Each structure stands twice: as structure tokens, then as C-alpha cells.
S.K.: 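Quick one: the structure is below, questions incoming.
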Amino acid sequence: MSTLYRLVYLSKNRISGGAAHVAAEVQSILAAAQRNNPPLELTGALIFNAGMFAQVLEGPCSAIESTFEKIQQDPRHGDLEVLAYYQTTERAFHHWSMGYFGQSRQGQDLFGHLAKVTGFNTDGLEGTRLFEIIRDIALEEETRAA
Ligand SMILES: Cc1cc2nc3c(=O)[nH]c(=O)nc-3n(C[C@H](O)[C@H](O)[C@H](O)COP(=O)(O)O)c2cc1C
């Protein structure tokens, strides 16, 4: 098995238009991830709200880098800020080609929480801390679904 890496980033949502259009764009992002990520052995999680995306991608370094190249070019978001990119030993999101938690109460709360802890400025936010928050939301959702 190739060495496992994890990338954590934040970006600003640039999808404009009504709620139905926004929902359709998010669905199309998830469909791309569900189609493209499994053959590349990529797993991860995506959180979205009106203002921002937060994503964790985990898998082999070459797969993360080629996929992130595409993601960076995507006009549906901007001002990408990579908070962490590091080697790790275990996947946190092995059940998900791309888990989506934007609609969970905690997913929506995440940004309220981040705003509170960062004073509405995510500059000081640590990638590993953001990863832990997203992982906790995923665990809670998994427990709820079980
Ligand atoms: C926030 C965000 C997250 C995304 N995550 C992924 C992803 O995990 N995997 C992926 O293949 N595409 C992802 N995309 C979509 C890519 O930018 C791109 O549109 C897609 O990979 C193109 O797929 P295609 O080459 O099959 O046409 C994401 C886009 C955004 C805006």
C-alpha cells in the first residue's frame, strides 16, 4: 500500500444564485468526487455552508495532488487556503469517497464555531484542529446513521 497523506483546506464559496442552483452545484461536486475518487483510492469529507467549503482529502500523494490541481481550478470556490498536508497512518474517512456533512446541524454549526474560536478570522486556524472537528462531525453522523 502506498504512503497515506491528508490534505485539509478551506475556501470561499463562489456559487451564486438561488438555493436550488446552489444545491445542484454541490450535488455535481459530490458526484464528481464519487466518480473519480474511488479508483484513485481517495477518501475524504466535505463541509459546505453559504460562505465556505472545508475539505479533507486522504490517499496517495500523487492522487491528492492531481485531484487538488483540478479542485484549485474550479470556479465554484476561491481563495483556497491549505491548512495542512501531512503523512498519516490511518484513514479517518474510509467509508466515504467524499462524505458530505453540509446539511447536518453540526456542519452548519461548524462555521459558527470556527467564527467564534477564530474571531471571524480563520488565519490562525490549525489544519489538524479543523481535521479533528470535521472527523468528530463525521463520527457523530455515522453513529446517528447506525
Ligand atoms: C469544494 C470542491 C471540492 C471538490 N472535491 C472533488 C473531489 O474530491 N474529487 C473530484 O474528482 N472532484 C472534486 N471537485 C470537482 C473538481 O473541481 C472538478 O470539477 C471535477 O473533478 C471534474 O471532474 P471530471 O474530470 O470527471 O470532469 C471539487 C470541487 C469543489 C468546488
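As the structure lists them, so they are numbered: ligands from 1, and atoms in each ligand from 1. If you read the sequence from its start, that first residue is 1, and numbering goes on from there. These numbers come from a predicted model, not from an experiment.
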S.K.: Working to the nearest 0.5 angstrom, can you tell me the gap between H77 NE2 and Q55 CD?
M.R.: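 Answer for the NE2-CD pair, H77 versus Q55, is 8.0 Å.
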S.K.: Suppose we measure from atom 23 (O) of ligand 1 to each protein heavy atom; which comes out shortest, and what is that distance?
M.R.: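 Its nearest protein heavy-atom neighbour is N36 ND2, 3.3 Å.
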S.K.: Would you mind checking which non-hydrogen protein atom is closest to atom 22 (C) of ligand 1, with the distance to 0.1 Å?
M.R.: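 That would be K70 NZ, 4.0 Å.
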S.K.: Would Q55 count as being in polar contact with ligand 1, using the rule that some N or O on each side must be under 3.5 angstrom apart?
M.R.: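 The answer is yes, given that Q55 and ligand 1 share an N or O pair closer than 3.5 Å.
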S.K.: Run the numbers for me: atoms of ligand 1, each under 4.0 Å from some heavy atom of H77, listed by number.
M.R.: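 This gives 1 (C), 31 (C) as the contact atoms.
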S.K.: Tell me yes or no: between the side chains of Y100 and Q34, is some donor less than 3.5 Å from an acceptor?
M.R.: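 No, because no side-chain N or O of Y100 sits under 3.5 Å from a partner of the opposite role on Q34.
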S.K.: Please indicate whether any nitrogen or oxygen in R35 is less than 3.5 Å from any nitrogen or oxygen in ligand 1.
M.R.: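 Among all N and O atoms of R35, at least one is under 3.5 Å from an N or O of ligand 1.
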S.K.: What's the spacing between R76 CZ and S11 OG if we round to 0.5 Å?
M.R.: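 Reported to 0.5 Å precision, the distance equals 11.5 Å.
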S.K.: Could you find the nearest protein heavy atom to atom 29 (C) of ligand 1 and give me its residue, atom name and distance?
M.R.: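 Of the protein heavy atoms, D74 OD2, 3.5 Å lies nearest.
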S.K.: Using a 4.0 Å heavy-atom threshold (strictly under), name the region of F68 that reaches ligand 1: side chain, backbone, both or neither.
M.R.: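 It is neither part, as no heavy atom is under 4.0 Å.
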S.K.: Quick check for you: to the nearest 0.5 Å, what is the distance between E81 atom CD and L10 atom CG?
M.R.: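 It comes to 6.0 Å.
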S.K.: To the closest 0.5 Å, what do you measure between OH (Y9) and OH (Y85)?
M.R.: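 So the gap between those two atoms works out to 13.5 Å.
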